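For reference, the structure I am asking about is given below.
The structure displayed is predicted, hence computed values, not measured ones.
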Amino acid sequence: FIFIFLFICNIFEAFAREPLLADVVDKNINITTSFDGAKIIIYGAIDNKFYKDSTLIINIIGPSTDIKIKKKEKYFGVWLAGNNEMEFLDVPGYYAIASNKEFFENIDNSILNRLQLGWDNLRMNNNYPEDQKKSYKRLLKIFYINRDLFQSNNTIDTLGDTLFRTEFILPAIAPTGIYKVKSFLLNNNGRLISSWNNNIKVSKEGISERLYDYSKEHPFLYGLLAAIGAILAGYLASEIFRRI
């Protein structure tokens, strides 16, 4: 009897309905020499019994990097990089977020902070006090917005009470690496009902990939060869036009 009871419980557990399912249309994005950006399309389904009383949030985090921010200062009427600076570690190279409800209403800030939802809740590791970090973090956000590396105005389109779809723009200057797509379903009290993770691989291909790898492995030689190439190209162009 115990064996049959446990067997039935396992069957029901295996066939239990998942509250949230999500997937990505294109999980491999290749950057070529003619690459001018791409769309990241995410679709999925929510259990309809959770649809009306829950909030869906989709978050995309690009590969991390270290960034140093310097504030500009005015010297003799000219704006130059000043001495005041702050370095952020493990900064997402791309950040985008979307929700089916505006401003994550009814969700407590402690929940958003725990799940690192929203730019202000990202943990960018450094040893500076929070009051000093805020202004530099705001400057970093402006830097990302100007380059389309930060997106927060995206909406999630829904069909009926189950299906959903949203899309994000990946700019041409997007960094290569693994992008983490995190989907969260929360109830009105902020409790996490379900979450779903997907990955997107953004990589270079062809000669651009080899040049990129060479520039990272041998930066001095790459810079030297690039300078020599530019000089030779300029010299050849001048000779051609002179003879014409």
Locate the shortest heavy-atom distance separating T65 from I67; write the atom from each residue and the value.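 Heavy-atom minimum between the residues: CG2-CG1, 3.9 Å.
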Does I41 belong to the same Ile/Leu/Val/Met/Phe/Trp/Tyr cluster as F164, with side-chain heavy atoms less than 4.5 Å apart forming each link?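 No.
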What distance separates L117 CG from T55 OG1, expressed to the nearest 0.5 Å?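 Going from CG on L117 over to OG1 on T55, the span is 11.0 Å.
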If you round to the nearest 0.5 Å, how far is CD1 of I228 from CG of L224?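 So the gap between those two atoms works out to 4.0 Å.
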Measuring from atom CG of N100 to atom OG1 of T166, what distance do you get when rounded to the nearest 0.5 angstrom?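 Between atom CG of N100 and atom OG1 of T166 there are 10.5 Å.
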Could you report the tightest heavy-atom contact between I31 and A174, atom names first, then the distance?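 So the minimum-distance heavy-atom pair works out to CD1-O, 3.9 Å.
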Got L192 and F184 here, is their nearest side-chain heavy-atom distance under 4.5 Å?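 Sidechains of F184 and L192: in contact.
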L115 and K182, any side-chain heavy atoms less than 4.5 Å apart: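 Not touching, per the 4.5 Å side-chain cut-off.
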I61 with I169, same ILVMFWY side-chain cluster at under 4.5 Å: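 Unlinked, I61 and I169 end up in two clusters.
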Would you call the rings of Y95 and F150 parallel, tilted or perpendicular, where under 30° means parallel and over 60° means perpendicular?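 Taking F150 first and then Y95, their aromatic rings lie parallel (interplane angle under 30°).
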Sub-4.5 Å side-chain heavy-atom contact between L20 and L56: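 Of all side-chain heavy-atom pairs linking L56 with L20, at least one is under 4.5 Å.
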Within-4.5 Å side-chain heavy-atom neighbours: I156 and R165: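 Heavy-atom side-chain distance check fails, nothing below 4.5 Å.
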ring-ring contact (aromatic ring centres under 6.0 Å, His included) partner of Y144, chosen from Y94, W119, F88: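 That would be W119; it is the only one of Y94, W119, F88 passing the ring-ring contact (aromatic ring centres under 6.0 Å, His included) with Y144.
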Same apolar cluster: F50 and L163, side chain cutoff 4.5 Å: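 Different hydrophobic clusters.
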Test side chain to side chain contact (heavy atoms under 4.5 Å, CB included) applied to V181 and N59, I58, N197, the passing residue: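 Of the listed options, the one satisfying the test is I58.
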When clusters are formed by joining ILVMFWY residues with side-chain heavy atoms under 4.5 Å apart, either directly or through shared neighbours, do V25 and F168 land in the same one?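 Different clusters: V25 never reaches F168 through Ile, Leu, Val, Met, Phe, Trp or Tyr contacts under 4.5 Å.
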Closest heavy-atom pair and its distance - K27, D23: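 For K27 versus D23, the nearest heavy atoms are CE-OD1, 2.9 Å.
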Testing the basics here: between L89 and D66, what is the closest heavy-atom pair and its distance to 0.1 Å?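 In terms of heavy atoms, the two residues are closest at CA-OD1, 3.4 Å.
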I193 side chain reached by S54 side chain, heavy atoms, under 4.5 Å: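 They are in side-chain contact.
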Quick check: closest heavy atoms across I57 and S99, and the distance to 0.1 Å?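 Residues I57 and S99, closest heavy atoms: CG1-OG, 4.0 Å.
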Taking the side chain as every heavy atom from C-beta outward, state whether I60 and I42 have any pair of such atoms under 4.5 Å apart.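 Yes, their side chains come closer than 4.5 Å.
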May I ask you to test the L185-I46 pair for a side-chain heavy-atom distance under 4.5 Å?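 L185 vs I46: side chains touch.
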Does any non-hydrogen side-chain atom of T176 lie less than 4.5 Å from one of P63?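 The answer is no; the side chains never approach within 4.5 Å.
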Is L21 linked to L159 within one hydrophobic cluster, defined over Ile, Leu, Val, Met, Phe, Trp and Tyr using a side-chain heavy-atom separation of less than 4.5 Å?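 Result: no, two separate clusters.
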Rounded to the nearest 0.5 Å, what separates atom CD1 in I69 from atom NZ in K137?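 One gets 12.5 Å once the value is rounded to the nearest 0.5 Å.
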L139/M86 under side-chain contact (heavy atoms from CB on, under 4.5 Å): CA gap, chis, key distance, verdict: CA-CA 11 Å; L139 291 174; M86 182 176 291; over 6 Å; no
Return the OH to CD1 distance between Y179 and I40, rounded to the nearest 0.5 Å.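 If we round to the nearest 0.5 Å, Y179:OH and I40:CD1 are 7.0 Å apart.
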Enter the distance from Q151:CD to I97:CD1 here, rounded to the nearest 0.5 Å.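 Q151 atom CD to I97 atom CD1 measures 12.0 Å (nearest 0.5 Å).
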For the student: nearest non-hydrogen atoms of N113 and R123, plus distance: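 The pair with the smallest heavy-atom distance is O-NH2, 3.0 Å.
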